[in-house]
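Below you'll find the structure, written out as structure tokens, and then a few comments.
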Amino acid sequence: MGRRQKQNKKIVFSDTEFECAIPEVAPENNENPSQTQNTKNHHASKSTKETNRNNSSYKTVYFEDKSTEDNDEEYLRENAESDDEEIYQLDERKTRNQLKEHAEKLYQIRKTLPVYKVKDEIIPQLLESPVTILIGETGSGKSTQIPQFLMDISKKNIAVTQPRRVAAMNLAIRVAEEYGCHIGEEVGYSVRFNNVTTNKTKLKYITDGMLLREMMIDPKLSKYSTIIVDEAHERTILTDLLIGFLKGLLIERNANADKPTFKVIIMSATLDAEKFSKFFDNAPILFVEGKMFPVERYYIDKPADDIIDAMVKSVVQLNQGEQSGDILCFLPGQEDIDKAVNILTDIAPELPKEAPMIVPMPLYAALPPQQQMRIFAKLKPRQRKIIISTNIAETSVTVPGIKYVIDSGLRKVKVWRHQLGLSTLLTVPISKASATQRAGRAGRESAGKCFRLYKESDYFKLTDTTEPEILRSEIISPVLMLKKLGVNDILGWHWLENPGHDSLIASLQQLYSLGALDNSGNITDLGEKMVILPVAPHLAAVLIQAQELNTLNEVIDIVSCLSVDNLLITPSSEKRDDINALRLETCSLGSQFGDLIMLKELFDIFNTIKEANEKKKWCKEIAVSYKGFKNVNRIRKQIKDYMSLLENGDDHVMYEDDENDHINSPLNVELILKSFLKGFITNTAIGMPDRSYRTVTNGNLISIHPSSLLFGSKKDAMMYIEFVYTVKGYARNVSAIKLEWLQEVAPQLQGAKVSVSKS
DNA sequence: CTCGGATAC
């Protein structure tokens with residue numbers, strides 16, 4: 001661990017003091033303290049050179065390329081204002097010649113990039129080894145240029161995976177432009193709801209989830225010669241899983257070849273490089289360095305008791321003390337953010353007039369798209385944007401114009417407790433890698449500053465990297481995928497990160513009780529169907545049960561609603577009572593039977609309203625997301641297609657979409673809820689005489705979450721979709737059920753506190 | 001009698 005020499009200087013705030021450390025340029029690499037010593041001129045260096053790193057096999061390539069700058073604005077604008085189902089259409093207006101002309105112009109820029117000067121060095125290295133680990137900063141250009149280098153050489157197709165849809169689409173659009181084709185011709189993309197590829201497509205940007213889905217159908221990925229896994233350092237569950245599958249596939253597909261015919265390139269930020277290399281039998285590591293402007297870091301002297309207070313004070317002081325440039329603040333959650341924004345909005349007019357006028361804006365995923373759009377707005381002169389954000393601004397949304405970052409050093413994380421079958425939402429310190437990423441947000445356009453609301457000594461106590469998601473999540477679905485691909489020994493599989501014995505056993509048991517696995521642990525016909533459906537295994541079981549109970553259409557609608565995040569908007573505290581009353585009044589059955597039935601009722605009303613403007617008006621009144629319900633309709637269509645595929649095989653008839661063909665009245669609530677019990681029998685609780693609820697599985701205390709329509713009501717028994725533990729155990733998304741149903745659906749269930757048998 | 005970080009099919 002290299003503690004580097006510092007040139008400390010102090011900046012004094014009214015009652016907040018920051019201590020300054022040396023500028024931070026590239027991602028910190030604690031194994032290479034030497035790296036940060038000569039970083040001041042990084043961005044000026046364009047030449048290709050070898051550097052003496054700890055590992056002399058690292059090849060350093062300096063280059064500068066901003067062509068992969070995220071373009072979230074376009075996506076958000078489309079999402080906020082347009083009803084178009086297709087976000088990006090094939091642009092048929094331009095002729096091939098016009099496209100080539102445009103590409104020629106872009107090439108003038110591209111060929112000046114240092115990456116082009118080392119193209120001839122990189123390519124042989126990539127061709128030589130079946131697996132290469134390519135290290136480079138996000139936005140350095142590796143994601144756009146490397147795939148194009150390989151495109152002309154490669155016989156078969158190349159897939160570049162991304163964790164996020166927006167990134168996959170934007171990269172493909174940019175690369176198609178550089179290549180000089182319409183999107184979907186030689187260069188295309190494939191994400192959920194949007195497959196913009198043709199039989200001409202050689203280079204495809206694809207989400208990890210989509211490629212895994214392709215794998216379920218073609219386990220050998222036989223149409224690809226190269227898979228490039230981008231953003232591997234983010235360690236999402238799906239990326240981890242994919243990397244594990246690729247390891248097996250490399251052995252299988254290259255077994256009888258003298259020269260490897262199937263290649264994998266793992267693209268990552270520095271910190272996890274060794275781990276990837278080791279995982280692939282010491283695969284060579286290639287180092288590509290990007291351009292970042294220096295970011296000076298400051299730390300606070302004494303830790304703050306109240307993080308919101310500290311944030312607000314820092315914003316005010318920074319606004320008065322620093323030159324123009326917008327400020328990005330990181331707080332852990334929505335509640336903190338709303339509070340901070342409210343305080344800052346209140347005090348803004350009171351602040352000294354010499355300083356710029358602050359314009360605070362919140363940013364988090366649950367925020368309606370129109371409000372998220374505000375971060376791209378252009379302000380008047382002498383105004384300063386203060387964007388107060390969750391982790392969403394760390395990787396998913398790039399805010400332009402940021403010169404200053406204030407980092408609370410905290411984030412919220414959902415941790416799955418497989419022993420208890422519940423999740424907890426915790427506020428925890430971020431990792432060093434995450435702190436660096438946040439700081440880097442100030443150095444995208446020019447030199448910047450990052451103010452950390454914690455002590456420097458606390459920074460050194462942070463873990464190097466964020467714990468891989470797979471270690472703290474429910475992994476039922478990944479285990480089912482493994483079974484689908486014929487992996488028998490789940491515990492001994494070559495996991496990039498083994499989720500652990502207990503977690504795996506719990507998943508196997510869950511899959512067994514859902515009927516996805518048989519006594520010997522092999523996948524059943526039911527399991528084969530479940531793995532195809534684009535929903536969690538529990539919900540897949542519900543869908544298949546609903547088909548048997550002949551209430552499929554209704555259940556598809558509800559499951560589709562459950563698949564859309566932030567469909568119900570949490571009203572502000574003033575409006576809360578009115579909205580709740582309106583929802584109770586609007587949903588006559590939902591007010592009796594709970595949230596699942598309410599979703600169905602709301603969805604039906606949404607689809608009954610003809611005029612888009614009327615729909616929007618109604619959504620606003622009852623605090624539901626208009627865009628969300630539009631998405632429900634897309635998911636509904638997709639699930640219908642898959643269900644008919646499962647029923648009729650390959651010659652199934654594609655379902656004709658009609659948003660009004662499903663309003664079945666009256667609803668058979670009993671059949672609908674019994675279908676759900678098939679997947680959620682362990683998520684049930686019994687009402688006690690003292691008005692509390694106890695879970696059927698182990699008798700633990702559980703309360704109805706305040707966001708539920710049934711909050712405060714007393715029922716004999718309830719079923720819930722999710723069990724979260726915050727200040728106490730909460731059931732989210734609750735339905736009222738009858739005790740007899742429990743015994744009918746799970747006869748082995750004898751009484752209130754008797755565990756559901758595991759065997 | 002109160003809360004929800006982010007992502008994917």
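Reminder, nothing fancy here: chain letters follow the sequence lines and each chain counts from 1. For clarity, every value in this text was computed on a predicted model and none was experimentally measured.
Residues A:Asn580 and A:Arg583 have side chains that never bring a donor and an acceptor to within less than 3.5 angstrom of each other.
Distance from the side chain of A:Lys414 is smallest for B:dG5 among the nucleotides B:dC9, B:dG5, B:dT2. Distance from the side chain of A:Lys412 is smallest for B:dG5 among the nucleotides B:dC9, B:dT7, B:dG5. Relative to the side chain of A:Thr726, the nucleotides B:dA6, B:dG5, B:dC3 differ in distance, and B:dC3 lies closest. The side chain of A:Arg165 sits closest to B:dA8 out of B:dT7, B:dC1, B:dA8. Among the nucleotides B:dC3, B:dA8, B:dG5, the one closest to the side chain of A:Val727 is B:dC3. Each of B:dT2, B:dC3, B:dA6 was ranked by its minimum atom distance to the side chain of A:Thr570; first place goes to B:dC3.
Among the candidates A:Leu221, A:Thr161, A:Leu241, A:Leu496, the single residue satisfying the side chain to side chain contact (heavy atoms under 4.5 Å, CB included) test with A:Leu246 is A:Leu221. Looking at A:Ile388, A:Val397, A:Leu331, A:Ile337 one by one, the single match for side chain to side chain contact (heavy atoms under 4.5 Å, CB included) with A:Tyr364 turns out to be A:Ile337.
With A:Glu231 contributing its side chain and A:Gln162 its backbone, the two residues share no donor-acceptor pair below 3.5 Å.
Rounded to a whole Å, the CD atom of A:Glu469 is 8 Å from the C1' atom of B:dA6. With rounding to whole Å, A:Asn580 atom CG is found 11 Å from B:dT2 atom C1'. Taking atom CG of residue A:Asn566 and atom P of nucleotide B:dA6, one finds them 7 Å apart after rounding to whole Å. The distance from atom CG of A:Leu568 to atom P of B:dT2 is 21 Å, rounded to the nearest whole Å. Taking atom CD1 on A:Ile635 and atom C1' on B:dA8, their separation rounds to 11 Å, with Å as the unit. If you take CG of A:Leu543 and P of B:dC9, they are 18 Å apart, rounded to a whole angstrom. One interatomic measurement links the two molecules: CG of A:Asp336 to C1' of B:dC3, which rounds to 12 Å at whole-angstrom precision. Whole-Å rounding puts the A:Asp690 CG to B:dC1 P distance at 11 Å.
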**Report entry** Derivation of the side-chain contact (heavy atoms from CB on, under 4.5 Å) call for A:Glu394 and A:Arg411
**Finding:** CA-CA 11 Å; A:Glu394 198 180 297; A:Arg411 65 176 184 134; over 6 Å; no
Query raised in the report: For A:Ile635 and A:Arg192, what are the C-alpha separation, side-chain angles and deciding distance, and is it a side-chain contact (heavy atoms from CB on, under 4.5 Å)?
Result: CA-CA 10 Å; A:Ile635 293 173; A:Arg192 190 179 192 178; 3.9 Å; yes
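Within the 4.0 Å cut-off from OP1 or OP2 of B:dC1, not a single side-chain nitrogen or oxygen of A:Arg691 is found. One finds no side-chain N or O of A:Tyr364 lying less than 4.0 angstrom from the OP1 or OP2 phosphate oxygen of B:dG5. At the phosphate of B:dG5, neither OP1 nor OP2 sits under 4.0 Å from any side-chain N or O atom of A:Thr427.
For the segment residues 205-215 of chain A, residues with any heavy atom less than 4.0 angstrom from an atom of DNA chain B are, sorted by number, A:Thr207, A:Gly209, A:Met210, A:Arg213.
No hydrogens or angles were tested; on distance alone, a donor-acceptor pair under 3.5 Å links the side chain of A:Arg576 to the base of B:dT2.
Looking at heavy-atom distances under 4.0 Å, A:Gly712 makes no contact with the nucleic acid at all. A:Arg164 comes within contact range of the sugar-phosphate backbone alone, with a heavy-atom separation under 4.0 Å but no base atom that close.
Map A:Val535 and A:Ile392 each onto its nearest nucleotide of DNA chain B; the residue landing nearer the 5' end is A:Ile392. A residue-by-residue look at A:Pro534 and A:Glu335 shows that A:Glu335 has its nearest nucleotide of DNA chain B further toward the 5' end.
For A:Asp407, the salt bridge (charged side-chain N to carboxylate O under 4.0 Å, His left out) test picks out A:Arg438, with sequence neighbours left out. Looking at residues two or more places apart in sequence or on another chain, you find a salt bridge (charged side-chain N to carboxylate O under 4.0 Å, His left out) between A:Glu528 and A:Lys484.
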